[in-house]
J.: 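There's a structure below that I have some questions on.
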Amino acid sequence: MLSYSSYMLTAVTALLVTCNALPKYPGIPGLPSIPGLPGRDDLKGQTRLSGLKGASGSLVGPSVKHLTCPQGPPSSLNIELHKVLVNLKHRLSRLKCVLVLKGKIREVGEKILASNGKKVDFASALASCEDARGTLAAPMNEEENKAILGIVKKYNRYAYLGMKEGEHSGQFKYLNGMPVNYTKWHQNEPNGKRTEKCVEMYTDGSWNDKKCNLRRLTICEF
């Protein structure tokens, strides 16, 4: 919906364009002059009255200048901005390759996985990921589960996953509230019966439901 100022500007512009498009008509001709009365006894007659002047020919007065739109930035500025963006993208790509080479991050599909190597409780692990503009890693397929497992094996520590038990026992959801559609539960798991609401990954890639106050490895996804 247009704002009040935008609506008024549109209305004024339309009015100006319409007025400028109107043709100019000639003015109304003045009335003819009235002849004077004849004089008496050699006196001169009265001076004739002049006719009324016709109205001006223009109905709207002098034309109004058309509104002009502001010009965009010069093409040279666009070219320089494009060069800066291309260079930045190249540098970020190189940095990502270095981090992958050193084992600091892992790429899987559209996700990037990373860990700070710290063992904390679930709430602290989630807060660390969110502070970095990410969230706790949550595998949604076998490929993502293997990528997270690679980090678990590197640190040789169990890790929290980005999911928790929902309202019903044994039904787990991702942190965004969507139901978990891929699972890798260890044998006879989950068995916490609503006393173990968080999920950890073992060093073999299988899952176990666990209490949320235990210290586990932090792995974030971006």
Side-chain angles (χ1 to χ4, degrees), residues 81 84-222:
L81 180 59
V84 171
L85 292 177
V86 170
N87 183 50
L88 179 59
K89 183 178 180 180
H90 178 65
R91 294 181 64 182
L92 289 175
S93 178
R94 292 176 61 189
L95 176 60
K96 184 172 67 174
C97 291
V98 171
L99 293 175
V100 170
L101 183 63
K102 291 186 176 183
K104 298 295 184 182
I105 65 173
R106 290 176 181 267
E107 285 189 281
V108 53
E110 296 296 322
K111 293 181 179 180
I112 295 179
L113 307 174
S115 175
N116 57 12
K118 295 181 179 180
K119 292 177 63 176
V120 294
D121 60 36
F122 181 87
S124 298
L126 177 59
S128 296
C129 293
E130 291 181 340
D131 287 345
R133 304 301 177 87
T135 189
L136 273 175
M140 296 186 176
N141 52 54
E142 185 67 20
E143 184 183 11
E144 293 181 5
N145 199 77
K146 289 180 178 179
I148 296 173
L149 175 60
I151 299 177
V152 169
K153 286 184 174 181
K154 176 184 176 181
Y155 290 96
N156 195 28
R157 298 172 181 173
Y158 298 170
Y160 277 124
L161 298 179
M163 56 187 73
K164 294 188 73 174
E165 190 173 29
E167 298 175 356
H168 302 287
S169 179
Q171 295 184 357
F172 287 79
K173 296 181 178 181
Y174 297 115
L175 298 182
N176 62 6
M178 298 297 293
V180 172
N181 55 12
Y182 164 83
T183 60
K184 192 76 171 181
W185 293 111
H186 192 73
Q187 187 176 2
N188 300 323
E189 299 294 345
N191 61 5
K193 297 179 181 179
R194 297 190 62 77
T195 62
E196 299 176 332
K197 291 184 171 294
C198 289
V199 180
E200 64 182 357
M201 177 183 282
Y202 288 153
T203 52
D204 64 354
S206 62
W207 304 357
N208 173 48
D209 56 339
K210 204 68 174 178
K211 292 183 178 180
C212 301
N213 61 347
L214 301 177
R215 292 163 61 87
R216 294 293 183 262
L217 179 66
T218 301
I219 301 178
C220 306
E221 69 176 39
F222 303 89

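Values below: all heavy atoms of this structure, side chains included; hydrogens, waters and symmetry mates excluded.
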J.: CG of L113 to NZ of K104: how many Å apart, nearest 0.5 Å?
T.: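 Rounded to the nearest 0.5 Å, the CG-NZ separation comes to 15.5 Å.
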J.: Please indicate whether M178 has more than 12 foreign heavy atoms, meaning atoms of other residues, nucleotides or ligands, lying under 6.0 Å from its CE.
T.: no
J.: Does the side chain of W185 pick up a donor-acceptor pair with the side chain of D209 at under 3.5 Å?
T.: no
J.: In Å, rounded to the nearest 0.5 Å, how long is the span from CG of L161 to CD of E221?
T.: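 Answer rounded to 0.5 Å: 10.0 Å.
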J.: Please find the pair of heavy atoms, one from Y174 and one from V180, that lie closest to each other, and give the distance.
T.: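 Heavy atoms only, the tightest pair is CE1-CA, 3.6 Å.
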J.: For the atom pair NE2 (H186) and CG (D204), what is the distance rounded to the nearest 0.5 Å?
T.: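 These two atoms lie 6.5 Å from each other.
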J.: Main chain of E189, side chain of N208: is a donor-acceptor contact present, judged purely on distance under 3.5 Å?
T.: no
J.: In terms of side-chain geometry, is the basic nitrogen of E196 or K211 positioned less than 4.0 Å from the acidic oxygen of its partner?
T.: no
J.: Can you tell me how far CG of L136 sits from NZ of K164, rounded to the nearest 0.5 angstrom?
T.: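 Separation between the atoms: 10.5 Å.
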J.: Check whether R194 reaches the backbone of E167 with its side chain - one donor and one acceptor, N or O, closer than 3.5 Å.
T.: yes
J.: Can we say E165 and K173 salt-bridge, meaning some charged N sits less than 4.0 Å from an Asp/Glu carboxylate O?
T.: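 No, this pair does not count.
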J.: Check E144 against A138 and note the closest heavy-atom contact, atom names and distance.
T.: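 Taking every non-hydrogen atom into account, OE1-O, 3.6 Å.
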J.: Within the distance-only criterion (no hydrogens, no angle test), does the side chain of K184 pair as donor or acceptor with the backbone N or O of M201 below 3.5 angstrom?
T.: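 Checked: no pair found.
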J.: Looking only at heavy atoms, which two atoms of A114 and F222 are closest? And how far apart?
T.: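 Here A114 and F222 meet closest at CB-CE1, 4.2 Å.
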J.: Please report the interatomic distance SG(C220) to CD1(I105), rounded to the nearest 0.5 Å.
T.: 12.5 Å
J.: Evaluate side chain to side chain donor-acceptor pair (under 3.5 Å) for E142 paired with Y182, printing each intermediate quantity in order.
T.: CA-CA 8 Å; E142 185 67 20; Y182 164 83; 2.5 Å; yes
J.: Under 3.5 Å, side chain of S115 to main-chain N/O of T218, donor-acceptor pair present?
T.: yes
J.: Using every non-hydrogen atom in the two residues, find where I219 and V152 come nearest and quote the distance to one decimal.
T.: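 Looking at all heavy atoms of both residues, the shortest contact is CD1-CG2, 3.9 Å.
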J.: How long is the span from the NZ atom in K89 to the CG atom in N87, to the nearest 0.5 Å?
T.: 12.5 Å
J.: What pairs of donor and acceptor atoms, side-chain ones from residues 116-125 against any protein atom, are under 3.5 angstrom apart with sequence neighbours left out?
T.:
| residue | atom | partner | partner atom | Å |
| --- | --- | --- | --- | --- |
| N116 | OD1 | K118 | N | 3.0 |
| D121 | OD1 | A123 | N | 3.4 |
| D121 | OD1 | S124 | N | 2.8 |
| D121 | OD1 | S124 | OG | 2.9 |

